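All of these numbers come straight from a predicted model, not from anything done at the bench. Throughout, protein chains are lettered first and strands after them, A, B, ... in sequence-line order, and every chain is numbered starting at 1.
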Amino acid sequence: MMDVLYFAWVRERVGLPKERVETGAATVRELVAELKAREPRYEAAFADEGALRVAVDQELTDFDASLTGAREVAFFPPMTGG
Amino acid sequence: MMDVLYFAWVRERVGLPKERVETGAATVRELVAELKAREPRYEAAFADEGALRVAVDQELTDFDASLTGAREVAFFPPMTGG
Amino acid sequence: MDIRVQESPFAFGAEAEAFAARQRGMGAVVTFTGIVRDLPGGMAHMEIEHYPGMTEAALRKIAEEAQARWDLGDALIIHRHGRLGPDEMIMMVATAARHRVAAFEAAEFLMDFLKSRAPFWKKEHLSEGAQWVAAKEEDEAALDRWAPKEGA
Amino acid sequence: MDIRVQESPFAFGAEAEAFAARQRGMGAVVTFTGIVRDLPGGMAHMEIEHYPGMTEAALRKIAEEAQARWDLGDALIIHRHGRLGPDEMIMMVATAARHRVAAFEAAEFLMDFLKSRAPFWKKEHLSEGAQWVAAKEEDEAALDRWAPKEGA
């Protein structure tokens with residue numbers, strides 16, 4: 001079980017900001033594959049991996065990152081602060 | 001006749017901030033030679049040309065600059081504003 | 001170090017003044033302020049989303065890195081989120097250092113990393129509709145300037 | 001464009017705030033403030049001499065060049081002369097531009113030229129005596145960054 005968070009247009013496409021997900025995914029990429037298999041809205045949100053960024057437990061990382069022990073995974077587009 | 005101004009340590013060595021000088025010097029360098037010939041304090045002020053900067057009519061220039069029509073010449077060390 | 005993420009406006013002048021006033025032995029203070037630009041077509045407002053928790057940690061990490069790298073007297077980051085109108089201030093940074101080059105470089109470093117590595121997302125609400133601001137390639141490229149160099 | 005050479009102190013925060021507030025359509029404001037550094041050995045005070053008339057003209061020319069080069073919204077320069085104590089503010093510049101890189105570059109340009117091309121001279125009065133501040137080679141070298149390049 002882990003919290004999965006979505007921000008900006010990823011949040012809009014998925015249709016919610018946060019959900020609790022039951023998963024055995026070992027990596028971020030496996031989690032994405034599971035989500036995409038669920039429903040078309042996840043397909044739409046995760047269609048282009050290159051347009052997405054991911055943080056595991058609030059640290060920026062990449063899609064190969066391990067989810068062992070992870071409590072929170074967040075998906076969002078490239079950041080535009082400042 | 002022109003006004004000759006001195007700033008910072010040039011002013012301190014010459015001993016005054018400004019004077020009116022009767023000169024027929026055609027260039028800044030000729031004016032400097034005339035001044036140096038006057039008194040040791042000018043010798044001291046103008047000993048090292050490389051350590052000096054010059055402005056003619058309030059525009060930075062160099063020691064080769066013409067004094068034709070000039071009303072004001074100023075000598076000073078490299079600037080240290082900011 | 002002073003890091004604030006907030007919805008409410010901040011008083012840029014008072015913050016800048018207070019930041020400069022509390023420095024000792026620093027010869028240079030630089031501030032940067034980001035403002036909502038009124039766009040062609042008319043910006044109704046801007047909405048800034050962020051990732052509570054991660055945002056503060058990311059900004060702190062960026063500021064700590066700047067402080068170590070330039071031996072800063074101090075650094076300040078204030079960044080707003082929520083809804084902002086045209087000409088409202090989005091954020092500010094301030095840096096203090098003994099010399100001007102360090103103060104300028106550190107402020108640019110903070111801005112470059114804040115732009116592309118702090119979890120903020122801007123959505124522009126224009127008269128013809130809303131759109132998420134796309135990240136610019138030049139902003140990502142700006143980070144290269146700060147990559148470790150040989151001998152550095 | 002706002003150029004001031006004055007003996008009296010200026011209110012950095014209020015000036016920065018007013019400068020930012022009067023911009024329209026600008027996304028970025030940068031300020032730089034130079035402060036009298038308390039030196040090892042103890043700075044009693046600093047004395048700044050300038051060349052009335054030429055100073056204002058030189059600053060105006062530098063600001064005009066920055067404005068043309070980066071299409072600035074506005075530029076501000078305030079520089080004090082006379083006697084200043086430790087931690088007093090010597091001067092400030094502010095620049096406003098649509099984007100951050102232009103605002104930063106223009107502020108650095110103003111500072112680099114102001115340092116070596118505006119007729120100000122600093123004398124430090126330390127506990128063991130007074131000395132004129134020597135110009136630094138690195139300050140002269142900093143101007144090279146702004147030399148016209150091919151294709152520019």
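Using a 4.5 Å heavy-atom threshold, the side chains of L35(A) and R38(A) count as touching.
Interface remark: K61(C) contributes side-chain atoms only to the contact with chain A (heavy atom separation under 4.5 Å). For chain A, the nearby part of H50(C) is the backbone; its heavy atoms alone come within less than 4.5 Å. For chain C, no part of R53(A) is nearby; none of its heavy atoms comes within less than 4.5 Å. Only the side chain of A55(A) comes within contact range of chain C, judged by heavy atoms closer than 4.5 Å. At a 4.5 Å heavy-atom cutoff, A58(C) makes no contact with chain A through either its backbone or its side chain. Only the backbone of A118(C) comes within contact range of chain A, with heavy atoms under 4.5 Å apart.
Shortest non-hydrogen contact noted between A25(A) and L67(A) is O-CB, 3.8 Å.
Judged by distance alone, the side chain of D2(C) and the main-chain N or O of L76(C) form no donor-acceptor pair under 3.5 Å. Judged purely by atom type and a 3.5 angstrom limit, K122(C) uses its side chain to pair as donor or acceptor with the backbone of T80(A).
For the residue pair E124(C) and W132(C), no side-chain donor N or O sits within less than 3.5 Å of a side-chain acceptor on the partner. Between the side chains of Y42(A) and E34(A), no donor-acceptor pair is found at a separation under 3.5 Å.
Contacts with chain A were tallied for G53(C), A57(C), G34(C); G53(C) has the most, counting heavy-atom pairs under 4.5 Å.
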